[in-house]
Amino acid sequence: FLELIDPSVATLPPAFERHLRHVDYSCGAFKINLALSGLPNFACAPSPADGSPGPQHRGTIHFESTMEEIDAAYREAVRGIPATRPVIEMTIPSALDDTLAPPGRHVCQLFVQFAPYDVDPAVGSW
């Protein structure tokens, strides 16, 4: 952020600038974009027989079932360990907008949380 400000044109209040210099911009999340040959068929909410999107495809889908799983993923990331069971949020935008993929195909976005920014060298590396 600070590299966007030309000090000859503008200055920031010292306390605000000090705050900006100490902000941790590392992120414990990443995104994966996927191309799918069809919609996912969930055991708990099977897809319509004609392959059309159902209500289960139009919202946000989470792949964790307890707060303990979320907490464990966070705690592993803090220790520099990729989560054993990462917190994953999935959306299927093409279930709402069929112009995003060819007929019968779909796009999927996975937002994965609590990945360590720096992996513990004892564990491995990215």
Side-chain angles (χ1 to χ4, degrees):
F1 179 80
L2 290 173
E3 63 271 8
L4 300 174
I5 299 172
D6 182 350
S8 67
V9 177
T11 59
L12 297 173
F16 182 59
E17 183 175 338
R18 188 171 43 260
H19 172 77
L20 290 175
R21 290 192 186 285
H22 293 93
V23 171
D24 180 2
Y25 290 101
S26 61
C27 178
F30 61 93
K31 183 179 169 188
I32 302 171
N33 295 313
L34 304 168
L36 305 176
S37 61
L39 289 167
N41 189 25
F42 302 111
C44 62
S47 298
D50 66 0
S52 64
Q56 70 274 33
H57 300 112
R58 293 187 174 104
T60 302
I61 302 139
H62 289 259
F63 294 98
E64 68 280 338
S65 55
T66 66
M67 289 301 294
E68 289 77 18
E69 288 179 9
I70 297 170
D71 184 60
Y74 166 78
R75 290 179 186 280
E76 286 178 315
V78 167
R79 294 191 329 258
I81 302 169
T84 305
R85 290 195 50 124
V87 175
I88 302 173
E89 176 184 333
M90 180 173 87
T91 60
I92 309 168
S94 54
L96 298 168
D97 181 352
D98 63 7
T99 66
L100 296 175
R105 308 286 192 232
H106 289 275
V107 293
C108 174
Q109 299 170 336
L110 301 176
F111 180 70
V112 184
Q113 298 182 59
F114 304 127
Y117 187 78
D118 293 308
V119 177
D120 181 342
V123 174
S125 68
W126 289 119

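Just so you know, these numbers come straight off a predicted model, no measurement behind them.
Cluster membership check: Val112 does not share its hydrophobic cluster with Met67, using side-chain heavy-atom separations under 4.5 Å among Ile, Leu, Val, Met, Phe, Trp and Tyr. Taken together through direct or relayed side-chain contacts under 4.5 Å among Ile, Leu, Val, Met, Phe, Trp and Tyr, Phe30 and Ile81 form parts of separate hydrophobic clusters. Residue Leu36 is not grouped with residue Leu96 when hydrophobic side chains (ILVMFWY) are merged at heavy-atom distances under 4.5 angstrom, including chains of intermediate members. Hydrophobic cluster membership is shared by Ile88 and Ile61, with clusters built from Ile, Leu, Val, Met, Phe, Trp and Tyr side chains linked at under 4.5 angstrom. Leu39 and Phe63 end up in the same hydrophobic cluster when Ile, Leu, Val, Met, Phe, Trp and Tyr side chains are linked at under 4.5 Å.
The closest side-chain heavy-atom distance from Ser37 to Arg105 is below 4.5 Å. Side-chain contact check for Val123 versus Pro116: every heavy-atom pair is 4.5 Å or farther apart. Put simply, the side chain of Arg79 reaches to within 4.5 Å of the side chain of Glu76, judged on heavy atoms. A heavy-atom distance below 4.5 Å is not found between the side chains of His57 and Cys108. Counting heavy atoms from C-beta outward, Lys31 and Gln109 have side chains that approach closer than 4.5 Å.
Rounding to the nearest 0.5 Å gives a distance of 13.0 Å between CD1 of Ile70 and CZ of Arg75. Atom-to-atom distance recorded for Leu2:CG and Arg21:CZ is 5.0 Å, nearest 0.5 angstrom.
Residue Pro46 comes nearest to Asn41 through the heavy atom pair CA-OD1, 3.2 Å, listed as atom of the first residue, atom of the second, then distance. Of all the heavy atoms in Ala77 and Ala115, the pair that sits closest is CB-C, 4.1 Å. Nearest heavy-atom pair across Pro93 and Leu100 is CB-CD1, 3.6 Å. The nearest pair of heavy atoms linking Pro40 to Met90 is CG-CE, 4.0 Å. Minimum interatomic distance between Glu69 and Glu64 (heavy atoms only, all atoms of both residues): OE1-CA, 3.2 Å. Summarising the geometry of Pro7 relative to Ile5, their closest heavy-atom pair is CD-O, 3.2 Å, with the distance given to 0.1 Å.
The aromatic rings of Tyr74 and Phe114 stand perpendicular to each other, their planes meeting at an angle above 60°, with 30° marking the opposite boundary.
Counting non-hydrogen atoms of other residues, nucleotides and ligands closer than 6.0 Å to CZ of Arg58 gives a total above 12.
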